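Below, each value reflects all heavy atoms present in this structure, side chains not excepted, and no hydrogens, waters or symmetry copies. The shown structure was predicted, so the numbers you read here are calculated from the model rather than taken from an experiment.
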Amino acid sequence: MTILGKTLEDWTTSHPLIRELVGLQETSWFNPATAPTAEALGDVGLTAADVADASARLVRFAPYIMRAFPETVASSGIIESGIQPLPALQALLNERYGLATGGGALWIKTDSHLPISGSIKARGGIYEVLKHAEDLALAGGLLQTGDDYAQLDSDKARAFFGQYKIAVGSTGNLGLSIGIMSARLGFQATVHMSADARQWKKDKLRSHGVTVVEYASDYSVAVAEGRKQAESDPSCHFVDDENSTSLFLGYAVAAERLQGQLAAAKIVVDAEHPLFVYLPCGVGGGPGGVAFGLKLAFGDAVHCIFAEPTHSPCMLLGVYTGEHDAVSVQDFGIDNVTAADGLAVGRASGFVGRAMQRLLDGYYTVSDEELYRLLALMERSEGLRLEPSALAGVPGMARVLGEQQGYRARAGLSAERLARATHLVWGTGGGMVPPAEMAAYLAKGRQLLQD
C-alpha cells in the first residue's frame, strides 16, 4: 500500500497518530499550529460582512418561512434552536471518564431539534436554497428589492421556480434540508444518497416530491455523480457540500444567535471564562462554518474542536498530515463504515481544512459503540433523544480536561480558567428520527452500557 508515494510505514513514522487511526482507536490530536484569531481569520477568504449579509437574507425570508412552515410561527420564521445545561449528564460523564469536578459547566446546542429538517443542516442547506431562489427571483423579475418575501408562497412563484433544478449529494441530513426546502419553493429537487443514508430519510424526501437517487457507494461517489449530472444541465444548481461558501455562511450565522443566547443565560465568554465548542464533523462544511462564526463572535476566547467517528476520521487525517483532500481514510485502509451516517465521509473538504486549520484547537475520534452508549445516557439523564452522530461532541470535555499534549498550557488554560469554562456540545441531529428507529438506537445503547 502506497499513499502519495509513501508506504503506510513511512506515514506512521512521520505521523505516529496514524497508527492509532488505522487501528480504529479513539484518538485525540490538539493542533500545535493554531494562531491568534485576528491573524488566522484572513485564511478563510470571507469576512464578518459576508456573515451579516447571510443573516440579513434569512431575515428577509422569515415571512416566507413562517407562511410555508407554520411550525416556525413561534420564532417569527427564524430557524433556530435553544441551549440548555446538562448537569445530570455531566455528573455521569465525570464518573464515566474519571473527571474531577471543577472543570466547567456542560451545555448543549439543540440543532437536533431545528424545525423543517431536524438537524444542523437546516442552517446551511436551507440557506443556500434560499439564496439561490432569491438570486433567480430578483433576476427574473419575480421579486423587487424591498418586497415581502411571503409572496413566494404562491402558485406563480412555484411555477417560476419549477423551471429550475437543485441537486445535492448527501449521507442524509443535508439532503433532507435541501430537498424539503427546494420542493416547497417549487424547484425540481434531486438528492443523490450514499449507501449509508437511512431509509427513513429517503422515504421522507420522496414524500415531499423529491427525486432520490441511491448509490451502493459512499458519500464521495454520491457527490461526484450529482455534480456530474448537474454540470450537463444549465438549469440545475448543484449544492457543493465540499466547497460551497454559501453553505458555510449559512452555518456561520449560528454564532451571532448563540452569542445572544449565552448572554441571556448570563454566561460570560472571555479570556477568563473560556468557551469550548465540540462539533461533530463529516465533510466539514457545517462545523467549519459554525466555527468561523464563533471565532468572529468570540475571538480567542472560544476553542473549537471537531469530533469524528473512528471509522471516518477524514478531517483529522487531512489536517494532521497537511494533505487535506489529497488523502482519504480509505487510502489508509480505514473503511468509512459507521453508524454515524451524517459523519460517514472519507475525504474532507479541502476548502474547510485549509481555511480553518489555524483556527481549530483540536480533533478527536469516538467509536460507534461509545456513540450508542452516550445516546442512551443522554436520554436517561436529560430526556434528550439524538441520533448517533449527534453524540460525537459529548466526549469533548473529557478529551480537553484529560489531554497530555501540552495544549492547555499552550492556550493558557489554567485550572482557574477551566473552572470558569463553558463546554458546549453541538447536538446536530435526531429530532425527526422515527420512533421505531429511535427505540432501536436506545435499545442498542442500553445493551452496550449493560455489557
Q: Could you tell me whether R399 and E370 have a side-chain N and a carboxylate O separated by less than 4.0 Å?
A: no

Q: Flag the pair E403 and R410 as a salt bridge only when some basic side-chain nitrogen lies within less than 4.0 angstrom of an acidic carboxylate oxygen.
A: no

Q. With a 6.0 Å cut-off on ring centres, are F248 and F292 close enough?
A. yes

Q | Ion pair E39/R358, N-O distance below 4.0 Å | A | yes

Q.
Can a donor-acceptor pair be found, under 3.5 Å and without considering hydrogens, that links the side chain of D233 to the backbone of A230?
A. no

Q: Decide whether S81 and K109 meet the rule of one side-chain donor and one side-chain acceptor closer than 3.5 Å.
A: yes

Q) When you look at R408 and L418, which way does the side-chain contact (heavy atoms from CB on, under 4.5 Å) test go after all the steps? A) CA-CA 9 Å; R408 294 194 307 275; L418 286 170; 3.5 Å; yes

Q: Search all heavy atoms of S312 against all heavy atoms of T338 and return the closest pair with its distance.
A: OG-CG2, 3.5 Å

Q: Could you tell me which non-hydrogen atom of P287 sits nearest to which non-hydrogen atom of P280, and how far apart they are?
A: CG-O, 3.6 Å

Q) Would you call R158-D153 a salt bridge at under 4.0 Å N-O? A) yes

Q. Between CD1 of I267 and OG1 of T422, what distance do you get to the nearest 0.5 Å?
A. 4.5 Å

(Q) Taking the side chain as everything from C-beta on, heavy atoms only, tell me whether P395 gets closer than 4.5 Å to V366. (A) yes

**Q.** Spacing of T310 atom OG1 and L371 atom CG [to the nearest 0.5 Å]
**A.** 8.0 Å

Q. Would you call I126 and I116 a side-chain contact if the rule is heavy atoms closer than 4.5 Å?
A. yes

Q) Just how far is it from atom CZ of F61 to atom CD1 of I78, taken to the nearest 0.5 Å? A) 12.0 Å

Q | Reported CG-to-CD1 distance for the pair N173 and I120, which is rounded to 0.5 angstrom | A | 10.0 Å

Q) Going by atom types only, do S112 and E387 share a side-chain donor-acceptor pair under 3.5 Å? A) no

Q) Should R354 and D43 count as an ion pair when the cut-off is N to O under 4.0 Å? A) no

(Q) Nearest 0.5 Å, please: how far is OG in S117 from CE in M432? (A) 7.0 Å

Q.
Let's go through Q259 and F298 carefully: what are the C-alpha distance in whole Å and the side-chain angles of both, what is the deciding distance for side-chain contact (heavy atoms from CB on, under 4.5 Å) to 0.1 Å, and is it a yes or a no?
A. CA-CA 8 Å; Q259 197 170 22; F298 300 108; 3.9 Å; yes

Q. Are D341 and K201 close enough, and set up right, to give a salt bridge (charged side-chain N to carboxylate O under 4.0 Å, His left out), and what steps lead you there?
A. CA-CA 11 Å; D341 56 312; K201 295 180 182 180; 2.9 Å; yes

**Q.** Short side-chain donor-acceptor distance under 3.5 Å, T37 and D300
**A.** yes

Q. If we ignore angles and hydrogens, is there a donor and acceptor under 3.5 Å between the side chains of Y320 and N31?
A. no

Q: Would you please test L176 and K204 for side-chain contact (heavy atoms from CB on, under 4.5 Å) and show each step?
A: CA-CA 8 Å; L176 280 177; K204 186 165 192 67; 4.1 Å; yes

Q. So do the side chains of H311 and N336 get within less than 4.5 Å of each other, counting heavy atoms only?
A. no

(Q) Can you confirm whether H324 sits close enough to Q357 that some side-chain heavy atom of one is under 4.5 Å from a side-chain heavy atom of the other? (A) yes

Q: Taking side-chain hydrogen bond (donor to acceptor under 3.5 Å, both in side chains) as the test, write out the residues that go with R380, two or more places apart.
A: none

Q | Stepwise side-chain contact (heavy atoms from CB on, under 4.5 Å) check, L343 with E308 | A | CA-CA 7 Å; L343 311 182; E308 298 179 286; 5.9 Å; no

**Q.** Test item: side-chain donor near acceptor, D135 and H132, under 3.5 Å
**A.** no

Q: Taking the side chain as every heavy atom from C-beta outward, state whether E242 and D325 have any pair of such atoms under 4.5 Å apart.
A: no

Q. Got a donor-acceptor contact below 3.5 angstrom from the Y127 side chain to the S246 backbone?
A. no

Q. Is the shortest side-chain N to carboxylate O distance from K228 to E225 below 4.0 Å?
A. yes

Q) Hey, are the side chains of V394 and L89 touching, using non-hydrogen atoms and a 4.5 Å cut-off? A) yes

Q) Judged by atom type as modelled, is there a donor-acceptor pair below 3.5 Å linking the side chain of R417 to the main-chain atoms of P274? A) no

Q: Go through the side-chain N and O atoms of E128 and S244 and say whether any donor and acceptor fall under 3.5 Å apart.
A: yes

Q: Keeping to residues at least two apart or across chains, list the side-chain hydrogen bond (donor to acceptor under 3.5 Å, both in side chains) pairs with something in residues 274-284.
A: Y278-H423

Q) Can any side-chain N or O of S154 pair as donor or acceptor with the backbone N or O of Q151 at less than 3.5 Å? A) yes

Q) Any idea how Y407 and H303 line up, ring-wise: parallel (<30°), tilted (30 to 60°), or perpendicular (>60°)? A) perpendicular

Q) Within the side chain of T365, is there an N or O that forms a donor-acceptor pair under 3.5 Å with the backbone of T27? A) yes

Q) Who passes side-chain hydrogen bond (donor to acceptor under 3.5 Å, both in side chains) against E437, sequence neighbours left out? A) R198, Y441

Q) Can you find a pair of side-chain heavy atoms, one from I108 and one from W426, that are under 4.5 Å apart? A) no

Q) Looking at side-chain heavy atoms only, is the closest gap between M315 and C281 below 4.5 Å? A) yes

Q: Please check if the distance between the ring centroids of Y149 and Y64 is under 6.0 Å.
A: no

